[in-house]
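Here the structure comes first, spelled out in structure tokens, and everything after it is commentary.
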There are 2 protein chains.
Amino acid sequence: MAQQEAREGRLRPARRLTLADDVYESIKTLVMDHILPPGERVNIDALSRELDVSPTPVREALARLEADGLVRKRPLSGYTTTPLLTRAEFDDLFEVRLLLEGATAGRAAAHASTEERQRISTEAAATIDVEAGDGYRRHAAFTALDATFHDLIAEVAGSPLLRDSITRLHSHLHLHRLYFPVTGAPDTNTEHQRIAAAIAAGDSDADAEAMRAHLTAARERHLPAFDQLPAPGAPRDPA
Amino acid sequence: MAQQEAREGRLRPARRLTLADDVYESIKTLVMDHILPPGERVNIDALSRELDVSPTPVREALARLEADGLVRKRPLSGYTTTPLLTRAEFDDLFEVRLLLEGATAGRAAAHASTEERQRISTEAAATIDVEAGDGYRRHAAFTALDATFHDLIAEVAGSPLLRDSITRLHSHLHLHRLYFPVTGAPDTNTEHQRIAAAIAAGDSDADAEAMRAHLTAARERHLPAFDQLPAPGAPRDPA
DNA sequence: CGAGCCTATTTCCTATAGGATGTTGCTTTG
DNA sequence: CAAAGCAACATCCTATAGGAAATAGGCTCG
């Protein structure tokens with residue numbers, strides 16, 4: 001796949017000046033799209049052959065991904081992709097999101113410039129073309145849209161630290177979300193628009209509340225996925 | 001220094017099974033103790049010679065440290081240690097700490113077991129032997145004590161995600177704190193004991209408030225350090 | 001005397017090879 | 001037939017070498 005492009009020199013000019021960064025993005029995509037399934041072993045040599053690079057940059061990218069929490073490293077056994085969220089981890093994630101993103105939304109409503117308020121409204125109005133692509137692609141696009149919206153608000157809030165923390169949380173959820181497609185895209189859009197409206201009005205409290213309501217609702221929408229799970233860690237659970 | 005120990009085989013048996021992890025801790029210590037000053041260039045080859053290992057594990061460790069925010073990587077120019085916090089970044093840091101650690105303290109007061117409440121009280125009572133060591137060592141010990149206390153509370157709160165986020169923030173502050181020793185160790189101890197008392201009493205609201213008061217006071221204590229700063233990026237002044 | 005250009009050095013980045021360790025499958029024994 | 005021990009395999013981990021890019025210093029030109 002990608003290696004042909006590399007050999008033909010198409011991928012090279014577009015790379016980020018350092019091969020390791022490019023490899024990092026490639027592997028991240030592989031994990032996010034579940035081409036590398038959760039809980040699976042990650043073979044460094046196989047990856048380097050697949051991407052047509054030496055193991056060294058792959059190793060460097062894997063180290064960064066471990067810090068991101070997308071892969072784990074067992075000392076003398078190699079890397080594995082992180083298993084799916086357990087119910088407890090899922091609850092924890094949303095509690096922290098409620099805290100962080102609630103505060104972030106409040107800040108965004110207070111700090112946003114006129115131009116930024118406009119941008120948020122536009123983004124909230126954006127919707128997925130329901131007829132475009134198959135179910136998987138449409139769901140992936142919807143997921144990406146949601147992530148973009150939340151990141152935009154975090155950016156406007158003006159706290160780099162908050163934004164980083166939120167981004168970090170999102171990658172965990174993203175991993176889970178793609179695995180169990182959930183319905184509720186129209187609801188999500190409606191909730192996003194409520195948030196955007198509160199920001200446009202400059203009402204911090206209302207925006208924080210709208211964000212919390214959105215997250216609570218999203219949490220409820222995801223919950224049924226756990227009933228489909230035979231065991232909370234089933235793929236590979238040595239511990 | 002460390003290389004002699006390595007050659008004599010003293011460091012080898014104690015290592016974490018993977019050399020890269022050991023190197024990671026070594027470099028982290030070098031950065032924290034300002035043996036590698038903030039804003040300085042980090043030479044990979046020099047580091048590998050210093051630690052008596054090959055550049056590969058050094059590179060891997062650096063990648064992880066970059067994700068931690070302790071070093072930055074400029075695409076074709078190598079790694080540099082992160083510069084000291086600017087005033088804006090400092091304010092941002094404490095705002096996020098207020099949010100995260102306030103909520104964490106509240107949770108800790110609600111969730112802690114009897115044994116954990118006892119452990120926290122003991123930790124809060126622990127004090128630095130003022131006569132032990134020189135000013136630098138004493139300050140480093142005090143800093144470590146403070147970090148331990150905060151991490152203990154985060155652990156008791158029972159949210160792995162919150163704990164990780166807080167730990168991440170602390171490493172940034174630690175970097176800054178060691179550079180500008182501040183007074184107020186007795187005050188810190190008093191405030192810690194108030195927090196411990198609220199946890200012992202199981203009063204969530206009071207504990208959250210005590211933690212926020214502690215952080216606000218700590219922020220005030222650190223503030224004068226910025227007056228000593230000639231320029232936001234000037235690494236070494238009166239050595 | 002200053003600015004721009006060129007060259008040389010240093011440094012980073014990537015690739016390949018060898019040693020050590022964990023894992024897996026098979027055989028053997030109780 | 002099951003469990004334990006052994007051996008072969010695959011994989012990771014570390015070390016070394018070579019190529020490419022950027023930075024710094026010196027020189028020439030205006």
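To find a chain, count down the sequence lines: A is the first, B the second, and so on, and within it residues start at 1.
The OH-C1' distance, from A:Tyr24 to C:dC13, rounds to 20 Å in whole Å. Atoms CG (A:Asn43) and C1' (D:dC13) sit 13 Å apart, rounded to a whole Å. Residue A:Leu19 contributes atom CG, which lies 13 Å from atom C1' of D:dA20 at whole-angstrom precision. For B:Arg72 and C:dC12, the CZ to C1' distance is 20 Å, given to the nearest whole Å. The separation between A:Asp45 atom CG and C:dA17 atom P is 13 Å, rounded to whole Å. The NZ atom of B:Lys73 sits 10 Å away from the C1' atom of C:dC12 (whole-angstrom rounding). Atom CZ in B:Arg49 sits roughly 11 Å away from atom C1' in C:dT10 (whole-Å rounding). To the nearest angstrom, C1' of D:dT14 lies 12 Å from CG of B:Asp52.
Along DNA chain C, the nucleotide nearest to B:Val42 and the one nearest to B:Thr56 differ in position, and the one closer to the 5' end is contacted by B:Val42.
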Report all side-chain donor-acceptor pairs from residues 53-64 of chain B shorter than 3.5 Å, counting only partners two or more places apart or in another chain.
| from | atom 1 | to | atom 2 | distance (Å) |
| --- | --- | --- | --- | --- |
| B:Glu60 | OE2 | A:Tyr79 | OH | 3.2 |
| B:Arg64 | NH1 | B:Asp21 | OD1 | 2.8 |

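Contacts of B:Ala46 classified as side-chain contact (heavy atoms from CB on, under 4.5 Å), with partners at least two apart in sequence or in another chain: B:Asn43, B:Arg49. Not counting sequence neighbours, the partners of B:Thr167 by the side-chain contact (heavy atoms from CB on, under 4.5 Å) test are B:Asp151, B:Arg163.
To the nearest 0.5 angstrom, B:Ile166 atom CD1 is 9.5 Å from B:His150 atom NE2. Interatomic distance, CG of A:Asp92 versus OG of B:Ser159, reported as 3.0 Å (0.5 Å rounding).
OP1 and OP2 of D:dT14 both lie 4.0 Å or more from every side-chain N or O belonging to B:Ser54. Residue A:Arg59 has no polar side-chain atom (N or O) positioned under 4.0 Å from OP1 or OP2 of D:dC12.
Side-chain contact annotation: A:Arg41 with A:Thr81, donor-acceptor N/O pair under 3.5 Å absent.
Under the ring pair (Phe, Tyr, Trp, His ring centres under 6.0 Å) criterion, the residue pairs touching residues 22-49 of chain B are B:His34-B:Tyr179, with sequence neighbours excluded.
Contacts between residues 62-70 of chain A and DNA chain D, defined by a heavy-atom separation under 4.0 Å, are absent.
Relative to the six-membered ring of B:Phe94, B:Arg97 meets both conditions, a distance below 6.0 Å and an angle of at most 45° to the axis.
Residue B:Arg119 places its CZ atom among more than 12 non-hydrogen atoms of other residues, nucleotides or ligands, all under 6.0 Å distant.
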Look for any protein N or O under 3.5 Å of an N or O in nucleotides 23-25 of chain D and output each such pair with its distance, or none.
| from | atom 1 | to | atom 2 | distance (Å) |
| --- | --- | --- | --- | --- |
| D:dT23 | OP1 | B:Arg74 | NH2 | 3.3 |

